Structure formats: structure tokens, C-alpha cells
S.K.: 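Got a structure for you, written out below as C-alpha cells; questions coming shortly.
Numbers for residues simply follow the sequence, beginning at 1. Note that the coordinates shown come from a computational prediction; the quantities given were computed from them, not determined experimentally.
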Amino acid sequence: MIVRSFKDIEGTDRHIKSKSGTWESKRIVLAKERVGFSVHETILYAGTETQMWYANHIEAVVCTRGEAELTDRETGKTYTITPGTMYLLDGHERHTLKVKEDFHCICVFNPPVTGREDHDENGVYPLLTEPEEV
């Protein structure tokens, strides 16, 4: 059994700040826990716009605070995301999140992330893995 809080991981190597400066993420469950998914608390900052494309992952996002406009870049459809709203990127959709008010969310990734990922020039997280235990 693992018990930890987001507060416990503030300032550790599980607390990631993006190179772009548009978000930070506290990664409470990672690939090294070997449970088949990862869980993060992410904050995207008001006034920012982040283009993403999880070509290697499926992501579910639940907004807990704030507001953002989510655009599916493949269809052009736009959604307003507010607390209590979930979106699931089950088709590896290229998407843009335009943040109106600091956007706090809980994210689940499959396959799990290692904690070392950041978006590349295409908005993609690389598919990183942990070494097999011997």
C-alpha cells in the first residue's frame, strides 16, 4: 500500500515545472510504482495556451478548479472545461488548452509516465519506461 499527499511531493523530483513555463505537475503515482497508470495534479496558468498531442498515451483529465477552453485541433470543436468536467483523450487527439483562470486538474495516464517527460515541439510526451526489476 502506498500513501502520500501532493503536499509531500512539493519541491521533490516528482514536482515538475514545464520548460514552456505554462504548467506544473505533481506526479503522485508514476511508472516506477508499476500499477499500469500514473496520476498527477497539474496546474496550467491563466493566460497561457498549451498545444498537446499524446501520441503515446491515453489521458483522462478532471478539472477541480479554474476554467479553460479545450479545442480538438482535429475537428475544430471547442469545449468549456470547468470544475467537475472530465475529458478523455482516447483517440490521441491533438488539442489546445487555452486557460482563462488557473486550471487545476487531476490527470491519469496510460501507459504511465516516468516523471521525466515534458512536451516536445509537437506537444508530445516521449514514451519513456522504467528499467525492468531484476
Side-chain angles (χ1 to χ4, degrees):
M1 179 184 300
I2 298 170
V3 177
R4 66 174 63 104
S5 73
F6 289 115
K7 185 149 183 65
D8 291 341
I9 61 176
E10 284 180 16
T12 72
D13 62 349
R14 289 175 176 260
H15 189 177
I16 309 300
K17 297 190 180 187
S18 69
K19 290 180 284 197
S20 66
T22 62
W23 57 265
E24 66 181 88
S25 183
K26 296 174 192 161
R27 297 171 174 183
I28 199 161
V29 177
L30 291 170
K32 64 182 162 186
E33 274 82 54
R34 302 200 184 280
V35 295
F37 59 90
S38 58
V39 178
H40 321 164
E41 177 189 49
T42 300
I43 302 169
L44 294 101
Y45 307 124
T48 65
E49 187 172 305
T50 304
Q51 293 192 13
M52 295 168 272
W53 174 33
Y54 295 118
N56 302 307
H57 299 85
I58 300 295
E59 182 193 28
V61 178
V62 177
C63 175
T64 59
R65 190 166 63 204
E67 182 178 343
E69 180 181 277
L70 172 68
T71 301
D72 180 336
R73 293 198 322 265
E74 300 186 18
T75 66
K77 189 158 182 169
T78 299
Y79 306 86
T80 299
I81 309 297
T82 56
T85 305
M86 184 279 307
Y87 64 91
L88 176 65
L89 301 164
D90 60 338
H92 305 283
E93 296 85 356
R94 296 171 197 255
H95 60 289
T96 301
L97 206 60
K98 188 174 190 177
V99 183
K100 298 179 178 189
E101 178 185 326
D102 279 359
F103 186 79
H104 297 245
C105 55
I106 303 297
C107 308
V108 177
F109 280 85
N110 183 16
V113 303
T114 65
R116 301 183 307 273
E117 295 82 358
D118 198 346
H119 299 109
D120 70 12
E121 66 278 357
N122 297 309
V124 175
Y125 274 175
L127 184 57
L128 303 177
T129 58
E130 292 292 341
E132 291 297 320
E133 292 181 2
V134 183

S.K.: I'd like to know if E93 and K77 make a salt bridge, using a cut-off of under 4.0 Å between side-chain N and carboxylate O.
M.R.: no

S.K.: Mind checking the OG-CD1 spacing from S25 to I9? Nearest 0.5 Å is all I need.
M.R.: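 So the OG of S25 and the CD1 of I9 are separated by 8.0 Å.
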
S.K.: Using modelled atom types and a 3.5 Å cut-off, is there a donor and acceptor pairing between side-chain atoms of R14 and backbone atoms of K26?
M.R.: no

S.K.: Is there a donor-acceptor pair closer than 3.5 Å between any side-chain N or O of R65 and the backbone N or O of D102?
M.R.: no

S.K.: Checking side chain to side chain contact (heavy atoms under 4.5 Å, CB included) for the pair V108/V29: CA distance, chi angles, key distance, verdict?
M.R.: CA-CA 9 Å; V108 177; V29 177; over 6 Å; no

S.K.: May I ask whether I81 and Y54 are part of the same hydrophobic cluster, defined by side-chain heavy atoms of I, L, V, M, F, W, Y residues being less than 4.5 angstrom apart, directly or through others?
M.R.: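 I81 clusters together with Y54.
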
S.K.: Taking all non-hydrogen atoms of both residues, which atom of T96 and which atom of R73 are closest, and how far apart?
M.R.: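 That closest heavy-atom pairing would be OG1-CD, 3.1 Å.
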
S.K.: Working to the nearest 0.5 angstrom, can you tell me the gap between K98 NZ and T48 OG1?
M.R.: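 Between atom NZ of K98 and atom OG1 of T48 there are 10.5 Å.
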
S.K.: Closer than 3.5 angstrom, by distance alone: can the side chain of H95 be matched with the main-chain N or O of D72 as a donor-acceptor pair?
M.R.: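 No, the answer is negative, given that no donor and acceptor are paired below the 3.5 Å cut-off.
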
S.K.: Under 4.5 Å between side-chain heavy atoms, hopping through other hydrophobics if needed: is there a path connecting I43 to V99?
M.R.: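 Unlinked, I43 and V99 end up in two clusters.
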
S.K.: Quick check: does any side chain N or O of E33 sit under 3.5 Å from a backbone N or O of L30, one acting as donor and the other as acceptor?
M.R.: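 Checked: pair present.
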
S.K.: Look at the side-chain heavy atoms of Ile, Leu, Val, Met, Phe, Trp and Tyr, link any pair under 4.5 Å apart, and say whether F37 and F6 land in one connected group.
M.R.: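 F37 clusters together with F6.
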
S.K.: May I have the step-by-step check of side-chain hydrogen bond (donor to acceptor under 3.5 Å, both in side chains) for E41 and H104, ending in yes or no?
M.R.: CA-CA 7 Å; E41 177 189 49; H104 297 245; 5.2 Å; no

S.K.: In Å, rounded to the nearest 0.5 Å, how long is the span from CG of N110 to CD of E59?
M.R.: 11.5 Å

S.K.: Is it possible for you to say whether F109 and L88 belong to one hydrophobic cluster, with membership spreading through side-chain heavy-atom contacts below 4.5 Å?
M.R.: no

S.K.: Whether the side chain of H15 engages the backbone of R27 through a donor-acceptor N/O pair (distance < 3.5 Å, no angle test) should be reported.
M.R.: no

S.K.: Please find the pair of heavy atoms, one from T80 and one from E67, that lie closest to each other, and give the distance.
M.R.: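 The pair with the smallest heavy-atom distance is CG2-OE2, 3.6 Å.
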
S.K.: Might you point out which heavy atoms bring T64 and P83 nearest each other, and give the distance in Å?
M.R.: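 Closest heavy-atom pair between T64 and P83: O-CB, 3.8 Å.
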
S.K.: Under a 4.5 Å side-chain heavy-atom rule over Ile, Leu, Val, Met, Phe, Trp and Tyr, are I106 and M86 clustered together?
M.R.: no

S.K.: Testing the basics here: between V61 and F103, what is the closest heavy-atom pair and its distance to 0.1 Å?
M.R.: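 Result for this residue pair: CG1-CE2, 4.4 Å.
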
S.K.: For T22 and S18, which heavy atoms make the closest approach, and how far apart are they?
M.R.: N-OG, 3.2 Å

S.K.: Does the R94 side chain pair with the main chain of W53, one donor and one acceptor, at a distance under 3.5 Å?
M.R.: no

S.K.: Say you draw a straight line from NZ of K100 to CD of E69; how long is it, rounded to the nearest 0.5 Å?
M.R.: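 If we round to the nearest 0.5 Å, K100:NZ and E69:CD are 5.0 Å apart.
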
S.K.: Let's go through H40 and V113 carefully: what are the C-alpha distance in whole Å and the side-chain angles of both, what is the deciding distance for side chain to side chain contact (heavy atoms under 4.5 Å, CB included) to 0.1 Å, and is it a yes or a no?
M.R.: CA-CA 10 Å; H40 321 164; V113 303; 3.2 Å; yes

S.K.: Between SG of C63 and CG of L97, what distance do you get to the nearest 0.5 Å?
M.R.: 9.0 Å

S.K.: Which pair of non-hydrogen atoms, one from C107 and one from C105, has the smallest distance, and what is that distance?
M.R.: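 Scanning both residues, the minimum pair turns out to be SG-SG, 3.7 Å.
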
